[in-house]
Amino acid sequence: MIEVVEIIAGALMLLFAVLAIESKKLINSVIYMSLMSLLSVVSFIIMKAPDVGITEAVIGSGLVTFLFVITLTQIKKTGDTK
């Protein structure tokens with residue numbers, strides 16, 4: 001059962017990575033990257049590395065996504081004034 005979850009998580013991570021690269025909108029790329037990071041948390045938990053999984057959840061999924069979204073909104077605000 002665990003192997004099936006690992007294969008599905010790995011395949012979805014590859015799919016989201018390709019979607020993040022190929023996406024035309026930056027916000028969609030950030031969302032796909034965040035989903036890929038969340039799936040890596042699942043992979044770390046399955047590999048019995050909960051400390052790495054928690055770190056990835058906080059830093060990779062949470063903080064980095066937040067910083068990217070804030071940066072995109074700031075770029076749009078400054079781009080509208082010109």
Side-chain angles (χ1 to χ4, degrees):
M1 180 66 180
I2 300 282
E3 293 85 18
V4 174
V5 174
E6 287 178 8
I7 292 170
I8 292 171
L12 284 174
M13 283 175 62
L14 286 172
L15 174 69
F16 287 135
V18 170
L19 287 172
I21 292 169
E22 296 295 323
S23 180
K24 301 296 180 195
K25 290 185 170 185
L26 289 176
I27 190 69
N28 289 344
S29 292
V30 171
I31 291 169
Y32 292 138
M33 190 190 66
S34 177
L35 290 172
M36 188 180 64
S37 184
L38 285 173
L39 285 170
S40 70
V41 171
V42 172
S43 296
F44 287 135
I45 298 298
I46 290 172
M47 291 187 281
K48 296 185 180 10
D51 53 340
V52 179
I54 291 170
T55 304
E56 177 67 22
V58 171
I59 305 289
S61 297
L63 183 64
V64 171
T65 303
F66 175 74
L67 288 175
F68 280 154
V69 170
I70 293 298
T71 302
L72 285 176
T73 57
Q74 293 298 320
I75 289 172
K76 288 183 180 180
K77 284 181 184 177
T78 59
D80 290 338
T81 58
K82 292 183 179 180

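Excluded from the calculations below are hydrogen atoms, water molecules and symmetry mates; all remaining heavy atoms, backbone and side chain alike, are included. FYI, the numbering just counts along the sequence from 1.
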Rounded to the nearest 0.5 Å, what separates atom CZ in F68 from atom CG in L72?
8.5 Å
May I have the list of side-chain donor-acceptor pairs in residues 33-46 shorter than 3.5 Å, sequence neighbours left out?
unit_1, atom_1, unit_2, atom_2, d
S34, OG, T65, OG1, 3.4
S37, OG, E56, OE2, 2.5
S37, OG, S61, N, 3.3
S37, OG, S61, OG, 3.0
S40, OG, S37, O, 2.5
S43, OG, L39, O, 3.3

Rounded at 0.5 Å granularity, tell me how far OG1 in T55 sits from CG in L63.
12.0 Å
Using a 3.5 Å distance criterion without hydrogens, assess whether the side chain of S23 forms a donor-acceptor pair with backbone atoms of A20.
no
Side-chain heavy atoms under 4.5 angstrom apart, residues restricted to Ile, Leu, Val, Met, Phe, Trp, Tyr: same cluster for I75 and L67?
no
Contacts under 3.5 angstrom, residues 1-15 side chains, donor-acceptor by atom type, not counting sequence neighbours:
none

Which of these, I31, L26, V30, sits in a side chain to side chain contact (heavy atoms under 4.5 Å, CB included) with V69?
V30
Starting at OG1 of T71, measure out to CZ of F66 and round the result to the nearest 0.5 Å.
9.5 Å
